[in-house]
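Contents: one structure, followed by commentary.
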Amino acid sequence: MTAFPLPPRLARLIVAGQDERCAVELAAIAALMQGEGVEAKGGLNDDLRDSGDYTDFQAEWRAVGKALDSHFDAGACGRLGISARGAREVWMAYRQLLSIGSRGYSREVPEPDFLAARSSVVRALMEGFADHVGVRNGVAASTCRMAGGAGGRLSEGSVALRGLHFVAAEMAELSGKAVETRIGRCTLITPEELRAVWPERFSGGEAAVFDSGLRRVRLHQRLMYEDLVLEDRDRGDAPAELAAPILAEKVVDGTLKLVKWDHAVEQWIRRLNGLSRWMPELELPLFGEEDKLVAIAMVCEGAVGYKDIKEREIMPVLRDWLSGWQAKALDDYAPVSLKLPNGQHAKVRYEEDSTPVIGLTVQRLFGVAESPRIARGAVTVKVEVLAPSQRPWQVTGSLESFWRNGYGQMKKDLAGRYPRHRWPDPSELDFLRPSR
């Protein structure tokens, strides 16, 4: 292999050509990949391409032939989109490679016969460019997926645009508004041909896949070359036992939304997590992300599509999460509402960190001297003191401090604006304990 003045990959390709009895064709391909190439700016003329071509190298070699016929005349070559200098370099490299391969015994320059050597050329290219196997993203797409997870756009006029599976001899990143990988010098292949060369790289089987268009989980029969999906056939709806976990994952990552996973559900979770910290002696479970996935999976049981789960009830699943005494403890020590000493009822809102908060207008708080407490007195409830407009005036962790230090200013600022509401003087707040 060291006898060939080529990069290692192309030298191996020449050796593969000798093994596959297509040394002449592989020498032509190796020569085409040297130097600046035969294409002039703007690409080869379409007249150099043939609908029966299976590799882009056939059009390139025709270009070399046309250039040779014109004695590499720049004008004649330019009209066909051929670089005269590039074609001359290819022809000289081709003759050199053949001379090395034949050890100089033959003075004749054989012509490559790509059609006759098709199976051998394809096999050699699959061996030499095993990491450049690709699949178009659809029968009308110019983009493709490549082995190894890369993707890119096929060169204009490539034979790969007439097929589905191919091996590429060239992958280049092009700079612009965004970096794009250009895939070129392609050769059409079939999965059967690829499997014959690399059987150990193949795998396959059925897999449940979420269809974003249908918003259903479908069963797909897949044929894989390493990490590249070569074939993907839809077999219909997946069994419910396979579909439910996938639907649950789509709910968790935000792709799908459960309508009834609402404020009440989030409040239940915050109450539980708060109480488990405030009163560890109760040994209540924390509800984390893994638990959320389990709960959503329970909601999704028996479902195959989004329509099946969109309106499903959530609270029954959460109520079954706790035993009877645990549920009672949650209601008793992290309640959803409180009855205040003045007889008023207030809904309790639990913040993201489980901090409990109530919000009432100042008039509805008269008679409540201190901030309420929950969890057997372990946790103080924050109070949003609202103006008559229902806008928060102050948020306090000590209602007594508000009455003594903040209420007077509130009355001064708002009493004139809301004269129909009761605004007793601070000295008239007889529900407060006398100051020492």
ask   = Got a second to check how far Lys257's NZ is from Asp262's CG, nearest 0.5 Å?
value = 8.5 Å
ask   = Would you say Glu266 has more than 12 foreign heavy atoms packed within less than 6.0 Å of its CD?
value = yes
query = With sequence neighbours excluded, what pairs up with Trp261 under the ring-ring contact (aromatic ring centres under 6.0 Å, His included) test?
reply = none
task = Step through the shown structure and confirm whether more than 12 heavy atoms of other residues, nucleotides or ligands are within 6.0 Å of CZ on Arg235.
result = yes
note = Rounding to 0.5 Å, atoms CD1 (Ile358) and CD (Glu384) come to a distance of 9.5 Å
key: Glu351 to Arg349 - nearest heavy-atom pair and separation   = OE2-NH2, 2.9 Å
inquiry  = Using side-chain heavy atoms (C-beta onward) and a distance below 4.5 Å, is Thr187 in contact with Val159?
reply    = no
message = For the CD atom on Glu352, are there more than 12 heavy atoms of other groups (residues, nucleotides or ligands in this structure) within a distance under 6.0 Å?
response = no
message = Please determine whether the number of non-hydrogen atoms from other residues, nucleotides or ligands lying under 6.0 Å from atom CE of Met92 exceeds 12.
response = no
message = Taking CZ in Arg312 as the centre, count heavy atoms belonging to other residues, nucleotides or ligands within less than 6.0 Å. Is the count above 12?
response = yes
task = Decide yes or no on salt bridge (Lys or Arg N to Asp or Glu O under 4.0 Å) for Arg185 and Asp56, but give the supporting numbers first.
result = CA-CA 5 Å; Arg185 288 175 163 163; Asp56 291 333; over 6 Å; no
query = Would a 4.5 Å heavy-atom cut-off, applied to side chains only, mark Trp268 and Val336 as touching?
reply = no
request  = Please step through side chain to side chain contact (heavy atoms under 4.5 Å, CB included) for the pair Met315 and Val265, ending with a clear verdict.
outcome  = CA-CA 7 Å; Met315 289 307 300; Val265 170; 3.8 Å; yes
task = Take Leu194 and Tyr225 through the test side chain to side chain contact (heavy atoms under 4.5 Å, CB included) and record every step on the way to the result.
result = CA-CA 9 Å; Leu194 187 61; Tyr225 172 77; 3.5 Å; yes
query = How long is the gap from CD1 on Ile189 to CG on Leu125, to the nearest 0.5 Å?
reply = 9.5 Å
task = Hey, can you tell me if Phe366 and Phe431 have their rings parallel, tilted or perpendicular (30° and 60° cut-offs)?
result = tilted
request  = For residues Ile82 and Glu39, determine if any side-chain heavy atom of one lies less than 4.5 Å from a side-chain heavy atom of the other.
outcome  = no
message = Within the supplied structure, the quantity of interest is the number of heavy atoms (other residues, nucleotides, ligands) at a distance under 6.0 Å from Arg21 CZ; does it exceed 12?
response = no
message = Tell me if a side-chain donor or acceptor on Ser371 pairs with a main-chain N or O of Lys382 at a distance below 3.5 Å.
response = no
request  = Taking all heavy atoms of Leu44 and all of Gly81, pick out the closest pair and write down the distance.
outcome  = CD2-O, 3.3 Å
task = Would you please classify the geometry between the Trp91 ring and the Trp61 ring as parallel, tilted or perpendicular, with 30° and 60° separating the classes?
result = tilted
request  = Would you please test Arg118 and Glu193 for salt bridge (Lys or Arg N to Asp or Glu O under 4.0 Å) and show each step?
outcome  = CA-CA 12 Å; Arg118 183 198 175 284; Glu193 289 172 327; 2.9 Å; yes
task = Determine, for Lys328 against Asp331, whether the closest basic-nitrogen to carboxylate-oxygen distance falls under 4.0 angstrom.
result = no
task = Kindly say whether Gly236 contributes a backbone atom to a donor-acceptor pair with the side chain of Asp234 at under 3.5 angstrom?
result = yes
message = Quick check for you: to the nearest 0.5 Å, what is the distance between Ile374 atom CD1 and Thr380 atom OG1?
response = 9.0 Å
inquiry  = Measuring only between side-chain heavy atoms, which start at C-beta, is Val362 closer than 4.5 Å to Phe402?
reply    = yes
message = Counting C-beta onward and ignoring hydrogens, is there a side-chain heavy-atom pair between Arg270 and Asn273 closer than 4.5 Å?
response = no
ask   = Within the distance-only criterion (no hydrogens, no angle test), does the side chain of Arg9 pair as donor or acceptor with the backbone N or O of Gly128 below 3.5 angstrom?
value = yes
message = Keeping Asp291 on the side-chain end and Val294 on the backbone end, is there a donor-acceptor pair under 3.5 Å?
response = no
ask   = Looking only at heavy atoms, what is the nearest atom pair of Arg162 and Ser51, with distance?
value = NH1-O, 3.1 Å
message = Whether the side chain of Glu89 engages the backbone of Gly37 through a donor-acceptor N/O pair (distance < 3.5 Å, no angle test) should be reported.
response = no
request  = Please test Val209 against Arg222 for side chain to side chain contact (heavy atoms under 4.5 Å, CB included), starting from the C-alpha separation and ending with a verdict.
outcome  = CA-CA 11 Å; Val209 178; Arg222 285 181 165 177; 3.7 Å; yes
note = CG of Leu318 to CD1 of Ile269, rounded to nearest 0.5 Å, is 6.0 Å
remark   = When every non-hydrogen atom of Asp232 is compared with those of Val229, the smallest separation belongs to CB-CG1, 3.9 Å
query = Can you list the steps and then say if Asp53 with Arg62 is a salt bridge (Lys or Arg N to Asp or Glu O under 4.0 Å)?
reply = CA-CA 11 Å; Asp53 287 352; Arg62 288 192 195 98; 2.7 Å; yes
Arg153 side chain vs Ser142 backbone, donor-acceptor pair below 3.5 Å = no
ask   = Do the non-hydrogen side-chain atoms of Phe210 and Leu247 ever get within less than 4.5 Å of each other?
value = yes
His132 side-chain N/O to Met171 backbone N/O, donor-acceptor pair under 3.5 Å = no
request  = Kindly determine whether Arg417 and Leu414 satisfy side chain to side chain contact (heavy atoms under 4.5 Å, CB included), including the steps that lead there.
outcome  = CA-CA 5 Å; Arg417 195 182 309 174; Leu414 298 183; 3.9 Å; yes
note = Arg136 and Val139 have their tightest heavy-atom pair at NH2-O, 2.8 Å
query = Got a sec: does the CD of Glu241 have more than 12 other heavy atoms crowding it under 6.0 Å?
reply = yes
key: Student check: side-chain heavy atoms of Trp393 and Thr361 closer than 4.5 Å   = no
query = For the atom pair CD (Gln344) and CG (Leu338), what is the distance rounded to the nearest 0.5 Å?
reply = 12.5 Å
task = Test Trp321 against Phe287 for ring-ring contact (aromatic ring centres under 6.0 Å, His included), laying out the working first.
result = CA-CA 10 Å; Trp321 204 263; Phe287 195 94; 5.2 Å; yes
query = Taking all non-hydrogen atoms of both residues, which atom of Pro191 and which atom of Leu230 are closest, and how far apart?
reply = CB-CD1, 4.3 Å
message = Are Gln267 and Lys347 packed together at the side-chain level, in the sense that at least one heavy-atom pair is separated by less than 4.5 angstrom?
response = no
query = Side chain of Tyr94, backbone of Leu32: donor and acceptor closer than 3.5 Å?
reply = no
inquiry  = Take a 6.0 Å sphere around CD of Gln390 and say whether it holds more than 12 heavy atoms from other residues, nucleotides or ligands.
reply    = yes
key: Test item: Arg271 side-chain N/O and Ala334 main-chain N/O as donor-acceptor pair under 3.5 Å   = yes
key: Audit row: Arg12, Glu127, salt bridge (Lys or Arg N to Asp or Glu O under 4.0 Å) steps and yes/no   = CA-CA 9 Å; Arg12 288 194 296 270; Glu127 290 175 353; over 6 Å; no
ask   = Within the side chain of Arg145, is there an N or O that forms a donor-acceptor pair under 3.5 Å with the backbone of Leu228?
value = no
